[in-house]
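Here it is, the structure in full.
Each chain gets a letter, A, B and so on, in the order its sequence line appears, and its residues count up from 1.
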Amino acid sequence: MSISEMNFFQRMLYILQEYSGSLAKGAATTMVIAIVCTAFGCVIGFAVGIVQTLEPKKKDNLAYRIILRLAKVLLTAYVELFRGTPMMLQAAFIYYGASQVFGLNLGMWEAAILIVSINTGAYMAETVRGGILSVDIGQTEGAKAIGMNHFQTMLSVILPQALRNIMPQIGNNLIINIKDTCVLSIIGTVELFFTFKSISGALYTYFEAATVILIIYFILTFVSSRILLAWENRMDGPVNFDLATTDTLAYTSGMMNFPRKPKRRT
Amino acid sequence: MPEILKIEHLSKHFGANEVLKDINFQVRPGDVTSIIGASGSGKSTLLRCINLLESATSGKIFFHGQNILSDHVNEAKYRAKVGMVFQSFNLFNNHTVISNCMVGQIKVLKKSKEEAYQSALFYLDKVGMTSHINAKPHQLSGGQKQRVAIARALAMQPEILLFDEPTSALDPEMVGEVLDVMKALAKEGTTMLVVTHEMAFARDVSNHVVYMFDGKIEEEGEPKALFSSPKSPQLREFLSRFTGDAGNQGG
């Protein structure tokens with residue numbers, strides 16, 4: 001049976017059978033780019049977000065204050081530029097610009113990961129800033145009061161809480177990235193949307209190919225969002241805690257007789 | 001005995017608003033000093049200035065004779081020696097009870113995990129919270145949170161402990177358990193500076209009381225003398241509102 005004699009469902013099945021390999025490869029590429037770039041984007045976002053929430057004090061020396069101010073201006077420019085222009089054009093700009101201006105021929109993976117990470121980072125920077133601001137000021141004061149410096153306070157107290165608060169937004173970014181990698185087809189990245197173009201180009205079955213690939217995209221995003229939700233719940237820990245601890249020494253005041261008891265304060 | 005903390009001509013402005021006006025007083029080792037006064041009189045601001053959570057506008061704060069308001073003082077190192085207990089507890093929400101008491105020891109005092117754990121248990125036992133070491137702060141009652149916060153401050157083995165209205169955010173039935181812990185600490189000779197509305201605590205537990213009015217120290221002295229024969233009309237008026245609590249009952 002030739003493809004023109006098939007009905008809608010037969011054509012979809014045909015696509016799945018004939019192109020299972022390239023579909024799987026396209027989906028895998030899409031997922032790898034999306035996950036890696038969301039992770040890199042988070043790292044960039046945290047770095048930028050932390051700098052943006054630094055407040056210079058009167059005591060700090062002039063050089064530090066000038067550098068900080070300059071860094072903040074540059075980072076704000078980065079965020080605004082990458083949030084404010086389409087990623088598809090950024091891809092073309094960076095990919096072709098790199099080879100034309102710097103003679104640098106980026107490979108498919110380097111280009112894809114670079115562009116999507118930088119883009120995600122720009123969005124994440126604002127998200128992280130919001131996440132840090134959402135943590136009660138008392139947490140910072142509590143940490144400062146026991147002598148932690150800014151870096152220790154951020155790492156042990158503020159950022160873990162900020163991360164938990166922005167988990168929904170990180171999930172959002174992952175899902176957006178899964179779908180938005182399709183703009184990379186402009187620079188020839190062979191991801192899922194590129195696979196769609198090749199299949200539909202070869203078979204002239206646009207409707208069927210689109211349907212198949214839409215379903216694949218949906219499965220990818222839906223599964224991702226469920227996994228992230230489960231992860232969030234795990235971060236929250238159990239609702240009920242084990243009152244009786246695993247440390248038998250901690251049950252009663254009996255621990256006072258523990259041989260290695262710390263020295264009494266004088 | 002040389003004083004641990006000595007405050008000279010300390011003042012603090014928030015814009016045109018002068019919250020602290022020329023504050024002078026000192027704390028010697030083993031002193032339990034209560035700071036009393038109406039809301040807005042500057043008590044909490046004074047405590048926050050001492051712990052450098054607010055920067056004083058002018059004046060000096062000497063800690064063991066060193067002015068900590070000068071530029072070359074490491075704030076974090078100083079704060080590690082000055083414990084603080086907050087009205088709103090400020091326990092780290094992402095840490096368990098035991099971890100709240102360990103993280104400062106590990107990060108700031110560079111103790112080993114094992115050492116920090118044992119010392120955290122010791123101080124949690126002191127405040128009667130060893131049965132909850134794996135709980136997260138949101139699973140505790142207000143009184144329990146405050147007791148953990150005290151243990152966290154103690155675990156840093158500070159030389160002086162500042163309390164910023166430690167019982168003001170608690171339900172009445174939980175005030176007692178926190179005050180009991182504080183009384184026990186006072187008995188052991190812990191140097192404490194307590195901003196409080198608990199007049200009974202100020203009168204019975206502390207050995208020095210500072211009354212603040214409108215950003216100034218209006219009157220200070222021995223608690224017995226201060227409570228039985230207040231000199232300034234403001235303090236007399238202030239205390240008259242508490243007579244049900246402190247003045248007549250159980251005096």
Report task. Could you have a look at N51(B), L109(B), N100(B), L91(B) and say which one has the most heavy-atom pairs with chain A under 4.5 angstrom? Result ->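 Most heavy-atom pairs within the cutoff with chain A belong to L91(B).
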
Query raised in the report: Crowded around W231(A) CH2? As in, over 12 foreign heavy atoms under 6.0 Å?
Result: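 Result for CH2/W231(A): open.
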
Query raised in the report: With only heavy atoms counted, which part of V82(B) is less than 4.5 Å from chain A, the side chain, the backbone, both or neither?
Result: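 Answer is backbone: N, CA, C or O of V82(B) sit under 4.5 Å from chain A.
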
Query raised in the report: Is there side-chain contact between E141(A) and R48(B), with at least one heavy-atom pair below 4.5 Å?
Result: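 Yes, their side chains come closer than 4.5 Å.
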
Query raised in the report: To the nearest 0.5 Å, what is the distance between CG (L155(A)) and NZ (K107(B))?
Result: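 Output value for this atom pair is 6.0 Å.
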
Query raised in the report: Are any side-chain N or O atoms of H95(B) and backbone N or O atoms of S156(A), one a donor and one an acceptor, separated by less than 3.5 Å?
Result: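 It does hold such a pair.
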
Query raised in the report: Given a strict heavy-atom distance threshold of 4.5 Å, which part of Q152(A) is in contact with chain B: side chain, backbone, both, or neither?
Result: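 Interface part for Q152(A): side chain.
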
Report task. To the nearest 0.5 Å, tell me how far T140(A) OG1 sits from N90(B) CG. Result ->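 Here the interatomic distance stands at 9.0 Å.
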
**Report entry** Under 4.5 Å from any heavy atom of chain A - which part of L162(B)
**Finding:**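 For L162(B), neither part sits under 4.5 Å from chain A.
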
Query raised in the report: Of all heavy-atom pairs between A145(A) and M84(B), which one has the smallest distance, and what is that distance?
Result: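 Here A145(A) and M84(B) meet closest at CB-CB, 3.8 Å.
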
**Report entry** Proximity breakdown for F86(B) and chain A, heavy-atom pairs closer than 4.5 Å
**Finding:**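 The answer is the side chain of F86(B).
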
Query raised in the report: Would you call E75(B) and K144(A) a salt bridge, using N to O less than 4.0 angstrom?
Result: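 Answer for the salt bridge query: no.
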
Query raised in the report: Where the side chain of N94(B) meets the backbone of Q161(A), is there a donor-acceptor pair that is under 3.5 Å apart?
Result: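 Pair absent, no side-chain N/O of N94(B) close to backbone of Q161(A).
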
Query raised in the report: If you count the non-hydrogen atoms of other residues, nucleotides and ligands that lie under 6.0 Å from CZ in F62(B), is the total more than 12?
Result: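 Correct, the count exceeds 12.
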
Report task. Kindly say whether N93(B) contributes a backbone atom to a donor-acceptor pair with the side chain of Q139(A) at under 3.5 angstrom? Result ->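 Present.
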
Query raised in the report: Between I146(A) and F92(B), does a side chain to side chain contact (heavy atoms under 4.5 Å, CB included) hold up when you go through it step by step?
Result: CA-CA 12 Å; I146(A) 55 172; F92(B) 306 140; 4.0 Å; yes

Query raised in the report: Would you say K111(B) has more than 12 foreign heavy atoms packed within less than 6.0 Å of its NZ?
Result: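 Count over threshold, so yes.
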
Query - Heavy atoms from other residues, nucleotides or ligands near CZ of R69(A) exceed 12 (cutoff 6.0 Å) - result: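 Count not over threshold, so no.
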
Report task. Using a cut-off of 6.0 Å, state whether more than 12 heavy atoms not belonging to F14(B) lie near its atom CZ. Result ->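 Result for CZ/F14(B): enclosed.
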
